[in-house]
Peer 1: 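One structure, as structure tokens, below. Some questions next.
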Amino acid sequence: MNRVLITSAIPYINGIKHLGNLVGSQLPADLYARYNRGRGREVMFICATDEHGTPAELAAAKAGKPVAEFCAEMHAVQSEIADGFRLSFDNFGRSSSDRNHKLTQHFAGKLAENGLIEEVSEKQVYSHADGRFLPDRYIEGTCPNCGYDGARGDQCENCTKQLDPTDLIDPRSAISGSTDLEVRETKHLYLRQSKLKDKLDAWIDTKTDWPVLTTSIAKKWLHDGDGLQDRGITRDLDWGVPVKKGDVDWPGMEGKVFYVWFDAPIEYIAATAELADKLGEPDAFWHRWWRTDKGADDVRYVQFMGKDNVPFHTLSFPATIMGSGEPWKLVDYIKSFNYLNYDGGQFSTSKGRGVFMDQALSILPADYWRWWLLSHAPENSDSEFTWENFQVSVNKDLSDVLGNFVSRVTKFCRSKFSEAVPDGGTYGDLEHALIADLTAKTRAYEGHMEAMDVRKAAQELRGIWVAGNEYLQTAAPWTTFKTDPEQAAAQIRLALNLIPFYAVLSAPFIPDAANTMMAAMGADNHGWPDDVPATLGALKPGHAFTVPDNVFSKISDEDRESWQERFAGTRD
RNA sequence: GGGCCUGUAGCUCAACGGUUAGAGCAGAGCGCUCAUAACGCUUUGGUUGCAGGUUCGAAUCCUGCCAGGCCUACCA
């Protein structure tokens, strides 16, 4: 397994995402990408913006901009924020790209050729005032069941009854409030997933090592009721991928676009092709990641996503791939996450509740967020962000354990020796015991990272940092120095060597701090410590370093309190 | 309504059916003084949501109940 293809669920274009969105896909995907690069594997890490669908059109209208312009701007914004969090995408593409248009149309054409597309005539609600068909949940009215007047066309939020838009009393458009609605006949394409049910079922059955969260959702959809249902893959919208059969028109489907969930996962492939275009590379560049007949047969493909994305990635997208009859790469492992809650409730984009990605970066460096979010990733159940927990965890782990270690070692050496690795002395039992301990811990850390056990990996990494402080306390070079400066030199030489070692191991979690540590130590070997003893001898006597400023400053009580207040209410 | 997940120390979380249920933080005590009032050591703290059952043995498996969360297919 020397080549790893990693995709993160693609964030929707209509606004800036909150920390829950970040920790559910992009951040753990980045952790895994950085780790695999660190291990020397060839990595293709892909993300993009998901730009189609009704909410994008509405958000653009609200911003008073043409949807294409709005999406271009929001893509730039999200791209900049991703950079701010040090998300190391090889490409951050756009689902509205020409590549995605072509590939989506290609897949649709192949599916049609293979008899997996069905044309269905159905009735949908059209709003004259809005000039558009309305998805069920964009229709509001009075619930026939409980009389609640804010019921949506798909479900009444008050009594939770499932509804059909035509059930509503006095229906109106949720967009404009207009009651000038009409039920119209419209033709749509359906992906005949039901024909692939057994194949999908058998495929899922082979994925015994996937998280329960992933497989249970897939199983539910496969077996619930009548089993996997066919799915509409077109919509009556202006903005999207025009419905075509490959590169030829699709009679009767003029003016329609593919459903956003049909084209979004295809963008993983398209974004890789977009990268080839940017680099001026031929199609072979991306084929070797995505076509098993063109070099992708030895690729391990891992997807990261929040639990809400699972049905599309376990069923619809694989159905698209399988149904094409072409040798496209299927996912090998799906890592899914639960939700992160905020201070006793949910993050809410509409209410502006919680911390959004841009706000997070405006108050603290990316590493603080990365560390907390990853070390508390909602892997087994929903987890909760509180400011108290955030402050205590970050101060303790990053400032006291890691940052202070770097500080005490470099400052001690500067004051007793110089700003260079001291010569003299030899390693004794204590030093060899530390090296053995760190070797074991490093192997354990690797095990957790390979398994994508994010929290366990963070815990192990923290243990590796702690081992340095334990060693210093036991070796006590400040005491040794008084009687045996040579021995103290050997002790501090080892301690100094821990800094670049820590930097390389920690880089997937806290890349900026890792760079700071490497730079301060004048270290240029970013290679993974496969050989821990050798790595801990990399900085030779006489090697110059500088004492860095505090790698992590602490979060004060005043800051915490002010942020707590600021983010409790409404955004902006 | 149905499905799935979760419930373990004050908090965040561990624990292939197998010693006495463990870590970190918080609390208490001691030590150290190189360091960002940092670090290290020791320690208090649990009827594993409740009630049954299976088993030589249950936090773990089964049944029922309670509480919280998510999903339930045209928002994405």
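Lettering follows sequence order; numbering is per chain, from 1.
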Peer 1: Is A:Y471 near enough to B:G40 that one of its side-chain N or O atoms lies under 4.0 angstrom from OP1 or OP2?
Peer 2: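 Answer no for this pair, as no side-chain N or O of A:Y471 is under 4.0 Å from OP1 or OP2.
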Peer 1: Do we count A:F412 as stacking onto B:C34 if the rule is ring centres under 5.5 Å and planes under 30°?
Peer 2: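 No.
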Peer 1: Using a 4.0 Å heavy-atom cut-off across all strands, classify A:P135 as base, sugar-phosphate, or nothing.
Peer 2: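 Counting heavy atoms under 4.0 Å across all strands, the contact made by A:P135 is with sugar-phosphate only.
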Peer 1: Using atom P in both nucleotides, what's the gap between B:C66 and B:G29 to the nearest angstrom?
Peer 2: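 Nearest-Å result for B:C66 against B:G29 at atom P: 46 Å.
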Peer 1: Heavy atoms only, 4.0 Å cut-off, all strands: where does A:Y190 land among base, sugar-phosphate and nothing?
Peer 2: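 Base: the residue A:Y190, judged by heavy atoms under 4.0 Å, touches a nucleobase.
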Peer 1: Taking the six-membered ring of A:Y259 (Phe, Tyr or Trp), confirm whether the NZ or CZ of A:R235 is under 6.0 Å from its centre and within 45° of its axis.
Peer 2: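 Output yes; distance and angle both within limits.
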Peer 1: Pick the nucleotide of RNA chain B nearest each of A:D308 and A:V392; which residue has the one closer to the 5' end?
Peer 2: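 Closer to the 5' end of RNA chain B: A:V392.
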Peer 1: Sequence neighbours excluded, which residues qualify as side-chain contact (heavy atoms from CB on, under 4.5 Å) partners of A:A29?
Peer 2: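 Counting only residues at least two positions away or on another chain, A:A29 forms a side-chain contact (heavy atoms from CB on, under 4.5 Å) with A:I6, A:S8, A:F45, A:F304.
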Peer 1: So, is A:K220 near the phosphate of B:C5, with a side-chain N or O under 4.0 Å from OP1 or OP2?
Peer 2: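 No, because none of the side-chain N or O atoms of A:K220 sits under 4.0 Å from OP1 or OP2 of B:C5.
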Peer 1: Rounding to the closest angstrom, what is the interatomic distance between B:U36 and B:C30 at atom P?
Peer 2: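 Here B:U36 and B:C30 have their P atoms 25 Å from each other.
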Peer 1: What integer distance in Å separates A:K219:NZ from B:C5:P?
Peer 2: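 In whole Å, B:C5 P and A:K219 NZ are 14 Å from each other.
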Peer 1: Just to be sure I follow the notation: if a pair is Watson-Crick (purine N1 to pyrimidine N3 plus N6-O4 or O6-N4) or a G-U wobble (N1-O2 and O6-N3), each under 3.5 Å, what dot-bracket string does RNA chain B give, with | for pairs to another strand?
Peer 2: (((((((..((((....[...)))).(((((.......))))).....(((((..]....))))))))))))....
Peer 1: Tell me whether A:K554 is salt-bridged to A:D400, with the criterion being a basic N under 4.0 Å from an acidic carboxylate O.
Peer 2: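 Salt bridge flag = yes for A:D400 with A:K554.
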Peer 1: Classify A:G468 by what it touches in the nucleic acid, base, sugar-phosphate, or nothing, heavy-atom distance under 4.0 Å.
Peer 2: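 The answer is nothing, as A:G468 stays clear of every strand by at least 4.0 Å.
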Peer 1: Can you tell me how far C1' in B:G45 sits from the matching atom in B:A23, rounded to whole Å?
Peer 2: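 14 Å, rounded to whole Å.
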Peer 1: Tell me which nucleotide among B:C39, B:A14, B:U36 gets nearest to the side chain of A:D400.
Peer 2: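 The listed nucleotide nearest to A:D400's side chain is B:C39.
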Peer 1: Quick one: label A:V310 by what it contacts on the DNA or RNA (base, sugar-phosphate, nothing), any heavy atom closer than 4.0 Å.
Peer 2: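 Nothing: the residue A:V310, judged by heavy atoms under 4.0 Å, touches no strand.
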Peer 1: State which residues pass side-chain hydrogen bond (donor to acceptor under 3.5 Å, both in side chains) with A:Y471; sequence neighbours excluded, sorted by chain then number.
Peer 2: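 Counting only residues at least two positions away or on another chain, A:Y471 forms a side-chain hydrogen bond (donor to acceptor under 3.5 Å, both in side chains) with A:E431.
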Peer 1: Which part of the nucleic acid does A:N550 contact within heavy-atom distance under 4.0 Å: base, sugar-phosphate only, or nothing?
Peer 2: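 Answer is base: heavy atoms of A:N550 come under 4.0 Å of a base.
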Peer 1: Quick check on B:C75: is either OP1 or OP2 less than 4.0 Å from any side-chain nitrogen or oxygen of A:R137?
Peer 2: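 True: A:R137 side-chain N/O within range (under 4.0 Å) of B:C75 OP1/OP2.
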Peer 1: Suppose you measure atom C1' in B:G22 against the same atom in B:G3; what distance do you get, rounded to whole Å?
Peer 2: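 Their C1' atoms lie roughly 33 Å apart.
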Peer 1: So, is A:R231 close to the B:C74 phosphate, meaning a side-chain N or O under 4.0 Å from OP1 or OP2?
Peer 2: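 Yes, within the criterion.
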Peer 1: Quick one: label A:F405 by what it contacts on the DNA or RNA (base, sugar-phosphate, nothing), any heavy atom closer than 4.0 Å.
Peer 2: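 Nothing, no heavy atom under 4.0 Å.
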Peer 1: Considering every strand and a 4.0 Å limit on heavy-atom distances, what is the contact class for A:F312: base, sugar-phosphate, or nothing?
Peer 2: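 Counting heavy atoms under 4.0 Å across all strands, the contact made by A:F312 includes a base.
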Peer 1: Scan A:Q124 against the nucleic acid and name what it touches under 4.0 Å (heavy atoms): base, sugar-phosphate only, or nothing.
Peer 2: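 Base contact.
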Peer 1: Taking only residues two or more places apart in sequence or in another chain, which ones pass ring pair (Phe, Tyr, Trp, His ring centres under 6.0 Å) with A:H188?
Peer 2: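 Here no residue qualifies.
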Peer 1: How do A:W261 and A:G227 order along RNA chain B: which one's closest nucleotide is nearer the 5' end?
Peer 2: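 Taking each residue's closest nucleotide, the earlier one in sequence belongs to A:G227.
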Peer 1: Which part of the nucleic acid does A:D50 contact within heavy-atom distance under 4.0 Å: base, sugar-phosphate only, or nothing?
Peer 2: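 Sugar-phosphate: the residue A:D50, judged by heavy atoms under 4.0 Å, touches backbone atoms but no base.
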Peer 1: Taking atom P in both B:C13 and B:G49, compute the distance separating them and give it to the nearest angstrom.
Peer 2: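 Roughly 15 Å separates the two P atoms.
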Peer 1: Answer yes or no: is there an ion pair linking A:K187 with A:D236, defined by an N-O contact shorter than 4.0 Å?
Peer 2: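 No, this pair does not count.
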Peer 1: Go through B:A73, B:C25, B:U36 for me and flag the one nearest to the A:W221 side chain.
Peer 2: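 Shortest atom-to-atom distance from the side chain points to B:A73.
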Peer 1: Counting only side-chain N and O atoms of A:K411, is one of them less than 4.0 Å from OP1 or OP2 of B:A38?
Peer 2: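 Checking B:A38 against A:K411, no side-chain N or O comes under 4.0 Å of OP1 or OP2.
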Peer 1: Taking the ring centre of each residue, are A:F312 and A:F317 less than 6.0 Å apart?
Peer 2: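 Ring centres of A:F317 and A:F312 not closer than 6.0 Å.
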Peer 1: My understanding is that only one of A:W221, A:W210, A:Y268 makes a ring pair (Phe, Tyr, Trp, His ring centres under 6.0 Å) with A:H313; could you say which?
Peer 2: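 Result for ring pair (Phe, Tyr, Trp, His ring centres under 6.0 Å) with A:H313: A:Y268.
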Peer 1: Does a side-chain N or O from A:K554 land closer than 4.0 Å to OP1 or OP2 of B:A38, or not?
Peer 2: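 Checking B:A38 against A:K554, a side-chain N or O does come within under 4.0 Å of OP1 or OP2.
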Peer 1: Looking at every strand, decide which applies to A:S399 at a 4.0 Å heavy-atom threshold: base, sugar-phosphate, or nothing.
Peer 2: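 It contacts base atoms.
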Peer 1: Just compare B:C39, B:C74, B:A73 and give me whichever is closest to any side-chain atom of A:R408.
Peer 2: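 So the side chain of A:R408 is nearest to B:C39.
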Peer 1: With 3.5 Å as the limit, what N/O pairs link the protein to nucleotides 11-13 of chain B?
Peer 2:
from, atom 1, to, atom 2, distance (Å)
B:C13, O3', A:R455, NH2, 3.4

Peer 1: Under 4.0 Å between any heavy atoms, over every strand shown, what does A:Q229 touch: base, sugar-phosphate, or nothing? Just pick one.
Peer 2: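 The answer is base, as A:Q229 lies within the cut-off (heavy atoms under 4.0 Å) of a base atom.
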Peer 1: What does A:G53 touch in the nucleic acid at a heavy-atom separation under 4.0 angstrom: a base, only the sugar-phosphate, or nothing?
Peer 2: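 Counting heavy atoms under 4.0 Å across all strands, the contact made by A:G53 is with sugar-phosphate only.
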Peer 1: Taking 4.0 angstrom as the limit, do A:E140 and A:R152 come out as a salt bridge?
Peer 2: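 Answer for the salt bridge query: no.
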Peer 1: Could you check whether the rings of A:Y342 and A:F385 sit parallel, tilted or perpendicular, using 30° and 60° as the cut-offs?
Peer 2: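 Parallel, since the angle between the ring planes stays under 30°.
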Peer 1: Please state how far atom CD1 in A:I555 lies from atom P in B:U36, giving the value in whole angstrom units.
Peer 2: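 It is 19 Å, rounded to the nearest whole Å.
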Peer 1: When we call it a touch if two heavy atoms are under 4.0 Å apart, what does A:N469 touch: a base, just sugar-phosphate, or nothing?
Peer 2: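 The answer is sugar-phosphate, as A:N469 gets under 4.0 Å only of primed atoms, P, OP1 or OP2.
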Peer 1: Does a side-chain heavy-atom distance below 4.5 Å link A:Q78 with A:F92?
Peer 2: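 The answer is yes, as the side chains (C-beta and beyond) meet within the 4.5 Å cut-off.
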Peer 1: From the set B:A76, B:C74, B:A38, return the single nucleotide nearest to any side-chain atom of A:N404.
Peer 2: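 Nearest nucleotide to the side chain: B:A38.
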Peer 1: To the nearest Å, how far apart are A:F481 CZ and B:A35 C1'?
Peer 2: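 Rounded to whole Å, this separation is 16 Å.
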Peer 1: On a whole-Å scale, what distance lies between the C1' atoms belonging to B:A9 and B:G24?
Peer 2: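 Comparing C1' positions in B:A9 and B:G24 gives a spacing of 12 Å.
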Peer 1: Measure the distance from CG on A:L191 to C1' on B:C74 and round it to the nearest whole Å.
Peer 2: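 About 15 Å, once rounded to whole Å.
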Peer 1: Give a yes/no verdict on a cation-pi contact between A:K335 and A:F337, requiring under 6.0 Å between NZ or CZ and the six-membered ring centre and an angle within 45° of the axis.
Peer 2: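 Yes, a cation-pi geometry holds between A:K335 and A:F337.
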Peer 1: Find the distance A:N309:CG to B:A73:C1' and express it as a whole number of Å.
Peer 2: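 Between C1' of B:A73 and CG of A:N309: 14 Å.
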Peer 1: Taking atom C1' in both B:A51 and B:A58, what distance in whole Å separates the two?
Peer 2: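 That atom pair is separated by 15 Å.
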Peer 1: Please state how far atom CG in A:L402 lies from atom P in B:G24, giving the value in whole angstrom units.
Peer 2: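 Atom-to-atom, A:L402 to B:G24, this comes out as 18 Å.
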Peer 1: When the distance from NZ of A:K307 to P of B:A76 is rounded to whole Å, what number comes out?
Peer 2: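 That distance rounds to 20 Å.
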Peer 1: Given B:C25, B:A76, B:C74, which nucleotide is nearest the side-chain atoms of A:E122?
Peer 2: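 When the side chain of A:E122 is considered, B:C74 is the closest of B:C25, B:A76, B:C74.
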Peer 1: Flag yes if more than 12 heavy atoms outside A:D557 fall under 6.0 Å of its CG atom; otherwise flag no.
Peer 2: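 Counting neighbours around CG of A:D557, more than 12 heavy atoms of other residues, nucleotides or ligands fall under 6.0 Å, so yes.
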Peer 1: Partners of A:S216 by side-chain contact (heavy atoms from CB on, under 4.5 Å), sequence neighbours excluded?
Peer 2: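 For A:S216 the side-chain contact (heavy atoms from CB on, under 4.5 Å) partners, ignoring immediate neighbours, are A:V212.
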Peer 1: Mind checking A:S407 for me? I need base, sugar-phosphate or nothing, with any heavy atom below 4.0 Å counting as a touch.
Peer 2: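 If one applies the 4.0 Å heavy-atom cut-off, A:S407 turns out to touch a base.
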Peer 1: Taking only the C1' atom of each, what is the distance from B:U8 to B:G68 in whole angstrom?
Peer 2: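 Between the two C1' atoms, the distance is 16 Å.
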